> 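Before anything else, here's the structure in question.
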Amino acid sequence: MKSYDHSKIEGKWQKAWASAKLYQTPDSKEGADNFYLLVEFPYPSGNLHVGHWYAFAVPDILARHLRMKGKNVLYPIGFDAFGLPAENAAIKNKVNPRKWTEENIAYMKKQIESMGTSFDMSRMVSTIDPAYYKWTQWMFLQLFKADLAYRKETAVNWCPKDKTVLANEQVAAGRCERCDSEVEQRQMLQWNLKITDYADRLIDDLDALDWPEEIKQSQRNWIGRSEGVESDFYLDFGDPAVNDRADANGKKAHITVFTTRIDTLFGATYLVLAPEHPWVTLALGHKTVLKNNSDVQAYVDKANKKTDLERQENKEKTGVKLEGVEAINPANGEKIPLYVADYVLGHYGTGAIMAVPAHDERDFAFAKKFNLPIKQVVARVIRVSKGPDAVRPGMPFNGRQGVKFMERDAVMCIVKHWEKDEYLCIVWKKFNTMHTFVSGGVEKGEDVVAAGIREVREESGYQHLKFIRIIGQSQFIEFYHQAKEMNVRADMHYLYFELKDGLQTPLSPEEDAKHTVVWKKADEVRSFLTINEIGELWDQLENEDKPYLGDGEIVNSGDFDGLSVDEAKQKMTEAFGRVKKTYKLRDWIVSRQRYWGVPIPIIYCAECGAVPVSAKELPVLLPDVKDYLPAGDGKSPLAKARSFVDTACPQCGGYAERETDTLDTFVDSSWYFLRYTDPKNRKQFAENRKQKNWMPVDLYSGGAEHTTMHVLYSRFWHKALFDMGLVADQEPYARRMNRSIILGPDGQKMSKSRGNVIDPDEVVKRLGADTVRMYLAFVGPYNEVGTYPWNPDGVVGVRRFLERVWRMGQLSASSFQLSENPTLQSILHKTIKKVGEDCVAMKFNTAISTLMILLNAIEKEQNIGKKQWESFLKLLAPFAPHTAEELWAQGGHKTSIHLETWPEFDPALLVDDEMTIAVQVNGKTRGDVRMPSGASKETVEQAAREAVRARLEGKKVLRTIVVPGRLVNFVVEE
Ligand code: ANZ
Ligand code: ZN
């Protein structure tokens, strides 16, 4: 009997497949639908890690399965080969980045081949290939001509160590993601792409895509569309002549704010401008406009050094008042102060806000610190809906929305004991489940504090009260007043008093009949009282007041009082503003002051300005240089290569200089999937007809880390190409899927410093590529995002399975039955069905357990028909392509198993001898598994374990109870 020599088998077949060009994919195939399965192409770091295997070898199962189902599957690979690491390695080790990268690519290509994937290597693309980047440059120029690429002084994240500009996403907690240096802000001329022009389409077009909702949602959040209102506040400099001076558009000096809460306009008690707001810059330039010019200047200078992230951190608010100018609230004509403060960002909205401290947390904190007025304009409405106080429809004040109320101002008084930490509570005699603070109505013309004192005296007899403060904001309480027998709507104000002493006069007989007074300790009050709002009230008493952020009714706002927030938004927008959408997304900065990237094909001429390189001069080749260090001043190393820089203007022929910035690698990867459709084309990036064979991508499998950058950028790029008529679809990817992460055996992220890195080459050498592929497919469902620790025992388990397959194959080869074994028919056909369905759903893990169950049944029989065995091998082929191929060949076949079609199942054979087995953890049912009735105890237990894997993770299983045909119960340590 031959032994299972994986190295020999795998090497042999990889060679055979390559020389037979088995996976070379034609543009179309008679009678077969095309299917485009895309995986993110790797960065040539020099070594494939387990993550690469997970990313490439597992989707390969789907590629192979679909081919066997008769599809013409394109499954390509390439290299995203420009970028910083190569350049950093070049600087550090004094090697040429091209050489470094190309060597890595050559090595990684070999590693990829060792996976036994069905990549079509003839379509390989590499972004550093001039035949590729010629088209990157060409597309950039199309964007430039379409006015989608422009240069602008941009505040950029600047890493002083890498001497490079960083994208926002390369900055983590104010530090450079690569080298951990503190990031600074710098103004620099940068090439930007107008992705913001596409913000609406990038959001709206998501709806029609068959993507997981969470991926769509992260794109929406990233773009951050916000629908609000712009409103103008005129400025008052204390001099009518200055105030009335109009600008070129005939408009007087004003600040435009962006708000999502125009309904709170009456509560705007000051304005805040971002330090980089143009009006601030203007005023500072004039020097005399602001009375405290130098203070403001100093503040602005300091703020400019901070990153957006630092500015948004939740810490003490800072700011400086702009002395010498006021703003006029358009709603009520009130004059309010202006501040410059860095909690307002320059590039969001209009860079200026109306501050409403009563209803916004940041404004509230700022107002507290600078002692600014806090004016409530929204009141919460609490309608009591349970218990005896619940609003009763059909009572006297019937009418409005089914219920009308007796409306009144009211007070609720928290009264503290003169000596102890105890509080005055009222128990109502007639309704003794009702426990409240002293409360009551405010009489006409009475102020709320006076009303509070009066009520406390009447209801408790205590006389000497000291008013401390108002707590929180007023709210409307709608309830049924049991004593008055009517529905009441109280505009409730909350007051806090302390008693000076215990002087108490007797209650009137009338009051005495109603209630008794009790003292409750601070920690008892909450549970004792039956007031709805007690939690929040008490919280604000013990800690501090809070702004009210919720919904409600407009108050203190003139004619708008009584409207709901939504109604007021509409009405106040009409009266004081204009509807406006704003986005968090900013234009995409694509220039990098780095060597190892695609040169931006622009020439600067003193006469003609920025001129595109003419198409026939493309590609602008990246020249060889000796020194890869940036040229200083934020210029790329290319600036030092005079022979590259010096050129002639394409328009006037005069002396001109080339752009020395290179393109962000996200540009390179924004269109690579198009190139796979026509990789050798020298005349076009991809011929239309060839694109149409494959686009849009049927399924794009990638990492969650690319959800918001690469996937968003490439969608934008594609839409821009679509608008120029260069591609046929608005969207590049019909489906997108994020894969999980494989952790080290210790459950931590694999990293060299932790010493928990699994080297796939080593495992492949020891156990074989088929084992590694199948193990990775077995760790969990591929269609969901999760994290899976590498489990060495699991790998060995998969290897044993393959060895058993192998042994069975050796046995069978000599003792195949010509006729089918009837006992195996049903389970075989169920397996065909299940594995096929699971493959398409990318639940490779359950497909594999089903195969394992089938193998058990085959082994038990020790007798299998040739055709049955071959069906089994075909099911195995996508998962363990080498092993299946070898056993297939041993069966006498001269052509590859990978050219076979997927076996058909016979529905008549599916009828059941299956059973459902409940899976319990500590006696609680946590799932179930379907099992063939004949399944062994071990098989059932294994499948059950798989079903509740997440719950067992990290726990010790003390006992496993298997009740045949019914349930499996895992007893674990709690
Ligand atoms: C007044 C107001 C009252 C606001 C209120 C909120 C609550 P989103 O939803 O994220 O778009 N804002 C506007 N521009 C800003 C900027 N450049 N920097 C910092 N904050 C800015 O947030 C919109 C709200 O964020 C706006 O609505 C504005 O504050 C603030 F009770 O205006 B609001
Ligand atoms: Zn010129």
Side-chain angles (χ1 to χ4, degrees), residues 155 196 199-200 203 220-233 255-280 300 303 306-315 317-319 327 329-332 336 338-368 372-380 473 545-557 560 563-566 568-569 572-573 576-586:
T196 53
D200 276 328
I203 287 186
R220 289 187 197 110
N221 294 345
W222 189 264
I223 298 166
R225 178 162 67 190
S226 173
E227 294 174 30
V229 173
E230 279 186 5
S231 183
D232 298 335
F233 284 64
I255 299 294
T256 303
V257 302
F258 172 75
T259 177
T260 46
R261 292 295 306 273
I262 190 69
D263 56 296
T264 62
L265 181 56
F266 283 80
T269 52
Y270 59 97
L271 297 189
V272 186
L273 276 58
E276 55 275 72
H277 191 283
W279 193 86
V280 175
V300 168
K306 293 193 203 165
T307 62
D308 281 2
L309 230 109
E310 286 173 293
R311 286 172 48 167
Q312 286 172 86
E313 270 169 19
N314 223 356
K315 54 172 174 8
K317 296 274 174 294
T318 61
N329 184 329
N332 52 18
I336 59 176
L338 288 89
Y339 282 79
V340 54
D342 67 4
Y343 77 96
V344 172
L345 303 174
H347 51 77
Y348 186 64
T350 59
I353 65 154
M354 62 180 214
V356 184
H359 304 291
D360 181 90
E361 270 168 337
R362 290 167 303 173
D363 299 343
F364 184 84
F366 190 86
K368 280 272 173 200
L372 290 156
I374 298 173
K375 184 178 160 198
Q376 179 184 5
V377 290
V378 180
R380 177 184 358 217
Q473 301 186 13
D545 285 352
K546 288 199 182 100
Y548 175 60
L549 311 178
D551 213 342
E553 199 172 292
I554 302 299
V555 296
N556 301 326
S557 301
F560 299 89
L563 296 178
S564 71
V565 161
D566 282 342
K569 274 185 182 165
M572 293 204 207
T573 303
F576 308 115
R578 29 191 199 279
V579 172
K580 178 83 187 175
K581 282 190 231 163
T582 296
Y583 308 86
K584 296 234 157 65
L585 184 72
R586 295 163 72 180

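Read the numbers this way: they start at 1 and go in the same order the structure lists the ligands and their atoms. Predicted model only: the values in this text are computed from it and were never measured.
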> How far is atom 31 (F) of ligand 1 from its nearest protein heavy atom, and which residue and atom is that?
His359 O, 2.7 Å

> Starting from atom 30 (C) of ligand 1, what is the nearest protein heavy atom, named by residue and atom, and what distance separates them?
Arg362 NH2, 3.8 Å

> Would you mind checking which non-hydrogen protein atom is closest to atom 10 (O) of ligand 1, with the distance to 0.1 Å?
Lys584 NZ, 3.4 Å

> Just by distance, do the side chain of Ser557 and the backbone of Val555 share a donor-acceptor pair under 3.5 Å?
yes

> To the nearest 0.1 Å, how far is atom 1 (C) of ligand 1 from its closest protein heavy atom, and which atom is that?
Thr259 OG1, 3.0 Å

> Mark yes or no for whether Thr264, through its side chain, and Val356, through its backbone, hold a donor-acceptor pair below 3.5 Å.
no

> Out of Tyr583, Tyr343, Tyr348, whose heavy atom sits nearest atom 19 (C) of ligand 1?
Tyr343

> Distance to 0.1 Å, residue and atom name: give those for the protein heavy atom nearest to atom 9 (O) of ligand 1.
Ser226 OG, 3.6 Å

> Whether Lys317 and Asp363 form a salt bridge (side-chain N of Lys/Arg under 4.0 Å from carboxylate O of Asp/Glu) is what I want to check.
no

> Please state which protein non-hydrogen atom is closest to atom 28 (C) of ligand 1 and give its distance, to 0.1 Å?
Phe258 O, 3.7 Å

> On a heavy-atom basis, I'd like to know which of His277, Arg261, Arg225 is closest to atom 7 (C) of ligand 1.
Arg261

> Given Leu345, Thr260, Ile353, which one has a non-hydrogen atom that is nearest to atom 27 (O) of ligand 1?
Thr260

> Students should be able to answer this: which protein heavy-atom is nearest to atom 6 (C) of ligand 1, and at what distance?
Asp360 OD1, 3.4 Å

